[in-house]
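To keep things clear, I will list the structure first and then write my remarks on it.
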Amino acid sequence: MSVGRAVAGRPADPRRGRWRRVAPLASAVLVALLAGCGPLSPLDPQSEPARRISVLWWVMLAVAGVVFAGACVMLVAGWIRRREWGLPVLGERPRLLDGSVVAFGIVIPVITLVALFAWANVGIVQETDSPPPDAGMKIEVTGSQWWWQVRYPGTPAVTANEIHIPARTPVTIVTEAEDVIHSFWIPRLNRKVDSLPGHANRVELFAERPGVYRGSCAEFCGQQHARMGVSVRADPPERFRAWLASMSAPRPAPATPLARRGEQVFMSKQCASCHTIRGTPARGEVGPDLTHLKTRATLAALTIPNRRGYLAGWVVDPQAVKEGAKMPALDLTGPELQALLEYLESLR
Ligand code: CUA
């Protein structure tokens, strides 16, 4: 017989019932606390604008905390002294509406809110908002349902979802959208900026140290909004320049018979009408540029790792991975799939 279970004639442990009531609240508090952590946290700033935003957040929290504590104290004081004050009677001026209410209910909130508004707008938002015009290098990022195209003006390099930048260098992201409104957001580097169809917005990224900074679409844009991830990889400038040079090159020619067969499959199936592979006739613009696909760590906008098994699953049944994505399932034979995978994996 299990020791912990309630049996006939013996009541269940009351502590367990109490825990059952408390557990949902405890989990909610834990989730709320953890939500501020992790790679998408604006509270782990790695650049000056992100630092200003995090200071703004902490100051707002501190002020709101003091106001909340003050309101609680007044509430408790009112409850304790309720007999002495009595209930307000109609036609009689209630004693509660005297000096303390005017001070704490009107004067102090007005001063606090005006001060916070002025400080946040003049000191934080405007500074964060205005990168020096065309500072440093420019990268064009276009949001589509549900991925990001990344272009490096002045070079043929085009990639998707994983943006490379040089560390300790001002980079201006110029962002637009292809279809609906998206929002480009790398929380540890800077604020959100809307990606709009037909209008370019800018945001400066300056990574103080090399690293990978996770980001996300921050504007609900349809079914797979949550799977519209983006990342920024900041490398030492010389490594970034080498990367950009290799990205600018056309695809490496397939080296094995199987990969050559895979390229034929790619060109003869629907792939080539949606994707570009520079150095081949494939010029599609619907999906990401695949010229150097294998250099990316993830597929489908950071949804799955870029490894052969996942790639196979994505090619065979994309809707199972990301329902609603424009990628159609390909009707491939086993040998065609093997050849296609071999080819895609050779795109370094
Ligand atoms: Cu794009 Cu949400």
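Every heavy atom of this structure was used, including side-chain atoms; hydrogens, water molecules and symmetry mates were not. Atoms within each ligand, like the ligands themselves, are counted from 1 in listed order. Small disclaimer: the values here were computed from a predicted structure and weren't measured.
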Problem - Check: Leu344 main-chain N/O paired with Lys294 side-chain donor or acceptor under 3.5 Å - result: no

Handout entry: Student check: side-chain heavy atoms of Leu196 and Glu176 closer than 4.5 Å
Key = no

Handout entry: Arg51 and Glu208 ion-paired at < 4.0 Å
Key = yes

Problem - Name of whichever N/O/S atom of His182 is nearest to atom 1 (Cu) of ligand 1 - result: ND1

Problem - Backbone of Val232 reached by a side-chain donor or acceptor of Arg214 within 3.5 Å - result: no

Practice task
Name whichever N, O or S atom of His225 ends up nearest to atom 2 (Cu) of ligand 1.
Solution key: ND1

Fill in the blank from the handout: The atom name of the N, O or S atom in Glu219 nearest to atom 2 (Cu) of ligand 1 is O

Practice task
Would you check if atom 1 (Cu) of ligand 1 lies under 2.8 Å from any N, O or S atom of Met228?
Solution key: yes

